[in-house]
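Quick note: numbers below take in every heavy atom, side chains included, and nothing from hydrogens, waters or symmetry partners.
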Amino acid sequence: MDAVFLARMQFAANITFHILFPSISIALGWMLLFFRFKYLRATDPEQKLDWLRAYRHWTKVFALTFALGVVSGVTMSFQFGTNWPGYMERVGNIAGPLLGYEVLTAFFLEAGFLGVMLFGHRRVGEMVHLGATILVAFGTLMSAFWILALNSWMQTPAGYEIVGGQFHARSWLEIVFNPSFPYRLVHMVLASALTCAFLLIGISAWQLLKGVATTSASRVLRTGLILAALAAPAQMVAGDFHGLNTLKYQPQKIAAVEGIWETTRGAPLLLFAIPDDAAKTNRFELAVPKLASLILRHDPDGELKGLNEFPSAHPPVLPLFWSFRIMVGTGILMLLVSWIGLWRHWCDGWDVAKMPRPMLRIFAGMTFAGWVATIAGWYVTEIGRQPFIVSGLVRTADVASRVPSSSIAVTFSLYIALYLALLASYIGVLKYMAETADKKSYAGAPAGLPGEPQPYQRQGEFA
């Protein structure tokens, strides 16, 4: 098998595994900050304990997620040197500093203050502990900021000059705030919000189904439903703006997403099709007339360029076409479930005991729905840039290493096996933590809040 193709598959496996964890931690850091504020502001002792339980449980989830995100991220960066040495040779003057800024401004904040969040409560002052939570949440956002700045620059390069075949920064402001960066940042943050929201919803529902939930699970469930109900429509609006930006700067990507081969006025929206790259046509089409032009041009007779306008310079159509539809379909499902669930919960007077078990099963079944949508969206982004690694400037095949395909196949197989094992372990640990009732961790405290551990007391501290 072709070495370049195998190298791309290996990197795709790594980025697929890696993106699972930032898609949770970016928003979960801010949800922890929300739980922390609710704990500090609560006056009722039972409510105060509920928010403390929620904060402590989800801090452990954050720590586990952060650890796997760091490990997979380091492995991914190694592949720049092993499989793609030409990439850093050509664009290292731009990519290197951006990756370095991510480590300095984001990783250090998260790693440095996560320990305070985990073990510092009632060992440091309340404001110090709150400050640590703020810094960790801010660190997750800064991590997304710098990584998306680099990724967006690869999609819509700006602010550079080429000297001796190497890219050099002409304007760092233009590099960081390149044309697609604001749209990608908003899109990713909202994707993380949805992923985190359904994780909150799903795990809380699972605890209720298993009969191990404390009263904090009800508050977490409601919080997740509200977050999802707000983030889902916001993501659709952001996605529309992102699509218009992509149409302007990467029309070949939009043509592949929509399965448009010939430049067309009044292009239909294909609900179903099987694109055939070899024959340059679609099979088994199911289309809504003029809807693609209406969505993308805001004009039912608007013109959309076809793939044939970009010979040898457009991405593979089939994976892009279906990845986009999986992303959109999952997003619509998340919108419906969150709105229906929130409406039902409101009608029940916010009494989680009245929530029908079939609804709880749906919630539990959609625990990782955000992962599905996020992975599909990243495939649209990354596959849509092909055959270039820096859009329109550097082809992927030109920066690949000369490592034999057999060697790449071996490491690719090992990566897949390791990632599957780690993913199964991660989900297993989440399940174990969800089914281990938090109330046992707080039993027997002599004073203070009901069941709350005292300063410097080991009993009940993250048992």
Open item on the list: Give me the atom names and distance for the closest heavy-atom approach of Val186 to Ala238.
Closed with: CG1-CB, 4.0 Å
Task: Rounded distance (nearest 0.5 Å) linking atom CG of Leu199 with atom CG of Leu194 - done: 12.5 Å
- [ ] Could you please spell out the steps behind the side-chain contact (heavy atoms from CB on, under 4.5 Å) verdict for Trp84 and Thr396?
- [x] CA-CA 9 Å; Trp84 310 102; Thr396 304; 3.5 Å; yes
Open item on the list: Could you work out, with side chain to side chain donor-acceptor pair (under 3.5 Å) as the rule, every residue matching Ser180, not counting sequence neighbours?
Closed with: Thr156, Asn178, Arg184
Task: Main-chain N/O of Ala12 paired to Thr16 side chain as donor or acceptor, under 3.5 Å - done: yes
Task: For Glu174, salt bridge (charged side-chain N to carboxylate O under 4.0 Å, His left out) partners two or more places apart - done: Arg170
Open item on the list: Angle between ring planes, Phe66 versus Phe62, binned at 30° and 60°: parallel, tilted or perpendicular?
Closed with: parallel
- [ ] Mind checking side chain to side chain donor-acceptor pair (under 3.5 Å) for Thr374 and listing every partner two or more places apart, or none if nothing turns up?
- [x] Thr195
Open item on the list: How long is the straight-line distance from CH2 of Trp343 back to CG of Leu225, given to the nearest 0.5 Å?
Closed with: 13.5 Å
- [ ] Could you pull out the closest heavy-atom pair between Leu109 and Val136, with the gap in Å?
- [x] O-CG2, 4.1 Å
Open item on the list: If the condition is ring-ring contact (aromatic ring centres under 6.0 Å, His included), which residues does Phe272 pass it with, not counting sequence neighbours?
Closed with: Trp322
Task: Heavy-atom donor-acceptor pair, Trp146 side chain to Leu99 backbone, under 3.5 Å - done: no
Open item on the list: Whether the side chain of Arg41 engages the backbone of Arg36 through a donor-acceptor N/O pair (distance < 3.5 Å, no angle test) should be reported.
Closed with: no
TODO: Would you indicate whether the side-chain heavy atoms of Met127 and Leu40 approach each other to under 4.5 Å?
DONE: yes
Task: Residue from Val91, Leu393, Val390 passing side chain to side chain contact (heavy atoms under 4.5 Å, CB included) with Tyr160 - done: Leu393
Task: Residue of the set Phe113, Tyr55, Phe37 for which ring pair (Phe, Tyr, Trp, His ring centres under 6.0 Å) holds with His129 - done: Tyr55
Task: Ser204 side chain to Ile201 backbone, donor-acceptor under 3.5 Å - done: no
Open item on the list: Please enumerate all residues that pass salt bridge (charged side-chain N to carboxylate O under 4.0 Å, His left out) together with Lys210, with sequence neighbours excluded.
Closed with: none
- [ ] In sequence, state the C-alpha distance, the side-chain angles, and the governing distance for Lys253 and Gln155, and then conclude on side chain to side chain donor-acceptor pair (under 3.5 Å).
- [x] CA-CA 11 Å; Lys253 181 186 290 190; Gln155 302 280 344; 3.1 Å; yes
Open item on the list: Using side-chain heavy atoms (C-beta onward) and a distance below 4.5 Å, is Gln207 in contact with Glu435?
Closed with: no
Open item on the list: Just checking Phe324 against Tyr379, ring centres under 6.0 Å apart?
Closed with: no
TODO: Check side chain to side chain donor-acceptor pair (under 3.5 Å) between Trp378 and all other residues, then give those that pass, not counting sequence neighbours.
DONE: none
Open item on the list: ring-ring contact (aromatic ring centres under 6.0 Å, His included), that's the test. Do Phe145 and Phe181 meet it? Break it down for me.
Closed with: CA-CA 9 Å; Phe145 179 93; Phe181 170 71; 5.0 Å; yes
Open item on the list: Donor-acceptor check, side chain of Asn93 to backbone of Ala169, threshold 3.5 angstrom: yes or no?
Closed with: no
- [ ] Rounded to the nearest 0.5 Å, what's the gap from CG on Asn151 to CD1 on Ile15? Could you check?
- [x] 7.0 Å
TODO: Quick one: pull up CE in Met31 and CD1 in Ile26 and give me the separation to the nearest 0.5 Å.
DONE: 15.0 Å
Task: Counterpart residues, side-chain contact (heavy atoms from CB on, under 4.5 Å), relative to Ile416 (two or more places apart) - done: Ala13, Phe412, Leu420
TODO: Using the ring pair (Phe, Tyr, Trp, His ring centres under 6.0 Å) rule, collect all pairs that involve residues 188-245, keeping only residues at least two apart or in two chains.
DONE: His187-His242
Task: Minimum heavy-atom distance Ala197-Gly224, with the two atoms named - done: CB-O, 3.5 Å
- [ ] Could you go through the side-chain contact (heavy atoms from CB on, under 4.5 Å) check for Leu20 and Ile375 one step at a time?
- [x] CA-CA 8 Å; Leu20 299 177; Ile375 290 172; 3.4 Å; yes
- [ ] Return the minimal non-hydrogen interatomic distance between Met355 and Gly341, and the atom names on each side.
- [x] CE-O, 4.3 Å
Open item on the list: Treating Thr411 as the side-chain partner and Ile408 as the backbone partner, does any N or O pair qualify as donor plus acceptor under 3.5 Å?
Closed with: yes
Open item on the list: For Trp371 and Phe368, I'd like to know if the aromatic rings sit close, meaning centre-to-centre distance below 6.0 Å.
Closed with: yes
Task: side-chain contact (heavy atoms from CB on, under 4.5 Å) between Phe35 and Thr133, intermediate numbers included - done: CA-CA 10 Å; Phe35 294 159; Thr133 307; over 6 Å; no
- [ ] May I ask you to test the Pro22-Met188 pair for a side-chain heavy-atom distance under 4.5 Å?
- [x] no
Open item on the list: For Arg395 versus Pro387, what's the shortest heavy-atom pair and its separation?
Closed with: NH1-CG, 3.3 Å
Task: Flag, side chain of Ser192 to backbone of Ala27, donor-acceptor distance under 3.5 Å - done: yes
Task: Thr223 side chain to Arg219 backbone, donor-acceptor under 3.5 Å - done: yes
Task: Pairs involving residues 346-361, ordered by first then second residue, that meet side chain to side chain donor-acceptor pair (under 3.5 Å) (sequence neighbours left out) - done: Arg344-Asp348
Task: side chain to side chain donor-acceptor pair (under 3.5 Å) partners of Tyr419, counting only residues at least two apart - done: Asn14
- [ ] Rounded to the nearest 0.5 Å, what's the gap from CD1 on Ile203 to CE on Met433? Could you check?
- [x] 7.0 Å
Task: Set of salt bridge (charged side-chain N to carboxylate O under 4.0 Å, His left out) partners for Glu102, sequence neighbours left out - done: none
Open item on the list: Can a donor-acceptor pair be found, under 3.5 Å and without considering hydrogens, that links the side chain of Thr367 to the backbone of Ala364?
Closed with: yes
TODO: Identify, with sequence neighbours excluded, every residue that meets salt bridge (charged side-chain N to carboxylate O under 4.0 Å, His left out) alongside Arg8.
DONE: none
- [ ] Quick one: closest heavy-atom pair of Val61 and Thr65, and the distance?
- [x] O-OG1, 2.8 Å
Open item on the list: side-chain contact (heavy atoms from CB on, under 4.5 Å) for Leu244 and Tyr183? Distances and angles first, verdict last.
Closed with: CA-CA 10 Å; Leu244 296 177; Tyr183 303 95; over 6 Å; no
Open item on the list: What's the separation between atom CG in Leu360 and atom CG in Leu209, rounded to the nearest 0.5 Å?
Closed with: 5.0 Å
Task: Backbone N/O of Leu320 and side chain of Ser323: donor-acceptor pair under 3.5 Å - done: no
- [ ] Answer yes if the ring centres of Trp153 and Phe167 are under 6.0 angstrom apart, and no otherwise.
- [x] yes
Open item on the list: Measuring only between side-chain heavy atoms, which start at C-beta, is Ile226 closer than 4.5 Å to Leu342?
Closed with: yes
